Amino acid sequence: MFQDLHDLLPKAIKSLNLEKQTDAAHAIHLANTFLDEKFPSDQKPYKIISFQKNILKIYCHHPIVAQEIMYLGKPLIQFIKRKAPNLTISHIQTTTQTPGSENIN
């Protein structure tokens, strides 16, 4: 009588056209997991702004943090692909401008 939640969720997500939103949430979660290991701190020096059109956008509090995240870009993309092979990330963009600004590196 009862269906497993694991079986129901994909159907509900697809029927509501929420695939892009769930993919974005999953990509952001995985990126946070990876970066939290690299920047162990109570106050994160970055904030993931969005995941759209296969681009992960990250706001950094300081240019050195942006540079470090760009250096970690390839391992970050590989980590996400290993954990979620269905997600495609073409590249990572960083900015030191407040979220909402147009200055993306």
Side-chain angles (χ1 to χ4, degrees):
M1 294 288 192
F2 293 104
Q3 290 186 340
D4 189 0
L5 188 59
H6 187 268
D7 296 330
L8 287 176
L9 279 178
K11 292 176 187 174
I13 289 168
K14 190 170 185 167
S15 70
L16 295 170
N17 291 327
L18 296 174
E19 292 99 343
K20 289 181 183 178
Q21 291 88 339
T22 56
D23 286 349
H26 195 200
I28 290 170
H29 169 72
L30 291 172
N32 273 319
T33 300
F34 179 87
L35 292 173
D36 285 349
E37 290 180 15
K38 306 299 179 188
F39 297 96
S41 172
D42 290 339
Q43 296 180 352
K44 294 194 275 188
Y46 64 88
K47 179 179 178 165
I48 300 176
I49 300 170
S50 67
F51 176 66
Q52 295 176 339
K53 299 180 183 176
N54 302 332
I55 300 169
L56 189 65
K57 295 180 183 177
I58 304 173
Y59 164 73
C60 303
H61 295 276
H62 194 276
I64 292 173
V65 175
Q67 182 178 359
E68 184 68 20
I69 288 176
M70 290 307 293
Y71 175 76
L72 293 169
K74 189 173 182 178
L76 172 56
I77 291 171
Q78 290 171 344
F79 174 82
I80 293 171
K81 284 183 180 181
R82 193 170 54 253
K83 297 287 186 177
N86 63 317
L87 292 177
T88 302
I89 297 179
S90 59
H91 65 281
I92 294 169
Q93 290 182 339
T94 61
T95 183
T96 56
Q97 302 295 316
T98 55
S101 289
E102 299 299 319
N103 187 15
I104 300 285
N105 296 328

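Hydrogens, waters and symmetry mates are skipped; everything else that's a heavy atom, side chains included, is used. Source: prediction; values computed, not measured.
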Search all heavy atoms of Ala27 against all heavy atoms of Ile80 and return the closest pair with its distance.
O-CD1, 4.0 Å
Would you find a donor on one side and an acceptor on the other, under 3.5 Å apart, between the side chain of Ser90 and the backbone of Asn54?
yes
Between Tyr71 and Val65, is there shared hydrophobic-cluster membership here, with clusters defined by ILVMFWY side-chain heavy atoms closer than 4.5 Å?
yes
About how many Å separate CG of Leu35 and CG of Leu56, when rounded to the nearest 0.5 Å?
8.0 Å
Calculate, to the nearest 0.5 Å, the distance between atoms CD1 and CG belonging to Ile77 and Leu72 respectively.
11.0 Å
Taking ring pair (Phe, Tyr, Trp, His ring centres under 6.0 Å) as the definition, give me every residue that meets it alongside His61, ordered by chain and number, with sequence neighbours left out.
Tyr59
Identify the heavy atoms of Cys60 and Ala66 that sit nearest to each other, and give their distance.
SG-CA, 3.5 Å
Side chain to side chain donor-acceptor pair (under 3.5 Å) partners for Asn32, two or more places apart
Lys44
So which heavy atom on Asp23 is nearest to which on Phe51, and how close?
O-CD2, 4.2 Å
Shortest non-hydrogen contact from Ile89 toward Lys81:
O-CE, 4.3 Å
From CD1 (Ile28) to NZ (Lys47), nearest 0.5 Å
10.0 Å
Approximate separation, where rounding is to 0.5 Å, of Lys57 NZ and His91 NE2:
8.5 Å
Measuring from Lys38:NZ to Leu76:CG, what's the distance to the nearest 0.5 Å?
9.5 Å
Any heavy-atom pair between the side chains of Lys83 and Phe34 that's under 4.5 Å?
no
Using the rule that two of Ile, Leu, Val, Met, Phe, Trp, Tyr join whenever any of their side-chain heavy atoms come within less than 4.5 Å, decide whether Ile64 and Ile92 are in one cluster.
no
Count the heavy atoms of every other residue, nucleotide or ligand shown that sit under 6.0 Å from CD of Gln67, and state whether that count exceeds 12.
no
Where is the tightest heavy-atom contact between Ile48 and Ala31, given as atom of each residue plus distance?
CD1-CB, 3.3 Å
Given side-chain contact (heavy atoms from CB on, under 4.5 Å), test Tyr46 with Thr94 step by step and report yes or no.
CA-CA 9 Å; Tyr46 64 88; Thr94 61; over 6 Å; no
